[in-house]
Amino acid sequence: MRAFAALVITALSAATLSLASPVDGQVVISGHEVAEEPRWKYSSCDSEEEGEPIVKIHSIEVSPDPPAPGKDLTVKVNAEASDTIEEGAYAEVTVKLGIIKLLNKEFDLCEEARNANASVQCPVAPGPYKVQQTVALPNEIPRAKYTVRVDAYSVNDDPLFCLDLEADFRWRFPHLPHRG
């Protein structure tokens, strides 16, 4: 029944869009006037109410920038741990497409680090870290804009860090020169 409802909503949306004239209200914008949003970004969502997080993330870089489906993605993180991170540390990850929740899952951080053969393994001693990890992005990533929330906690439920991420895999069309 849900699949049928989703199909009906999609069909109605497409029908409504097809009724709109593609030239009504269009404005010509030259390429130098267009400011594009970044294709990916992150921000800290650490809460003062929960106290100072154990991990302070100084920077995150991705390559290629922007990330692309079907390509390897290399992520470089520059961070500092103020306390030891022990077995049992976990992250609650929520992935959304608009307001639709695609994933809401808890991950064991130490187990994930072992499985990925990461350069930093548990227990993680206090201090500065520069971590680089490469993952293969599947070709089948739907062309959409995703938001990701990562709330990470120690084995004692102390806040490790909180991140809000956005990744935009939508098609981008080249800007055409203004012919005025």
Point to revise | Nearest-0.5 Å distance that lies between atom OG in Ser59 and atom CD in Glu61 | key: 5.5 Å
Review point. What residues, two or more places apart in sequence or in another chain, satisfy side-chain contact (heavy atoms from CB on, under 4.5 Å) together with Asp83?
Key: Ile54
Indicate yes or no: at least one non-hydrogen side-chain atom of [X] is less than 4.5 angstrom from one of [Y].
X: Tyr153; Y: Pro53; result: no
X: Ile60; Y: Val75; result: yes
X: Leu165; Y: Val150; result: yes

Review point. side-chain hydrogen bond (donor to acceptor under 3.5 Å, both in side chains) with Ser63: which residues, sequence neighbours excluded?
Key: none
Considering all heavy atoms, the nearest [X]-[Y] contact:
X: Ala79; Y: Ile57; result: CB-CA, 4.1 Å
X: Ser154; Y: Leu160; result: N-CG, 3.6 Å
X: Pro69; Y: Phe169; result: CD-CD2, 3.6 Å

Check your understanding: Is it the case that Asp168 and Trp40 place a side-chain donor and acceptor less than 3.5 Å from each other?
Key -> no
Check your understanding: Between Asn156 (side chain) and Asp158 (backbone), is there a donor-acceptor pair under 3.5 Å?
Key -> no
Exercise for review: For residues 53-87, pull every pair meeting ring-ring contact (aromatic ring centres under 6.0 Å, His included), keeping only residues two or more places apart or in separate chains.
Suggested key: none
Practice item. Give the C-alpha distance, both sets of side-chain angles, the deciding distance and a yes or no for side-chain hydrogen bond (donor to acceptor under 3.5 Å, both in side chains) between Ser44 and Asp46. Key: CA-CA 6 Å; Ser44 171; Asp46 292 322; 2.9 Å; yes
Donor-acceptor pairs are to be reported for all side-chain atoms of residues 86-100 against protein atoms at under 3.5 Å, with residues two or more places apart or in another chain.
| unit_1 | atom_1 | unit_2 | atom_2 | d |
| --- | --- | --- | --- | --- |
| Glu87 | OE1 | Arg114 | NH1 | 3.4 |
| Glu87 | OE2 | Arg114 | NH1 | 2.7 |
| Tyr90 | OH | Asp157 | OD1 | 2.5 |
| Thr94 | OG1 | Asn104 | OD1 | 2.9 |

Exercise for review: Please answer: with hydrophobic residues joined when any side-chain heavy atoms are less than 4.5 Å apart, are Val155 and Ile85 in the same cluster?
Suggested key: no
Expected list for residues 122-142: side-chain donor-acceptor pairs under 3.5 angstrom, two or more places apart:
| unit_1 | atom_1 | unit_2 | atom_2 | d |
| --- | --- | --- | --- | --- |
| Tyr129 | OH | Ala125 | N | 3.3 |
| Tyr129 | OH | Ala125 | O | 2.7 |
| Gln133 | NE2 | Ala116 | O | 3.0 |
| Thr134 | OG1 | Thr74 | OG1 | 2.9 |

Point to revise | Non-neighbouring partners of Asp151 that pass salt bridge (Lys or Arg N to Asp or Glu O under 4.0 Å), sequence neighbours left out | key: Arg149
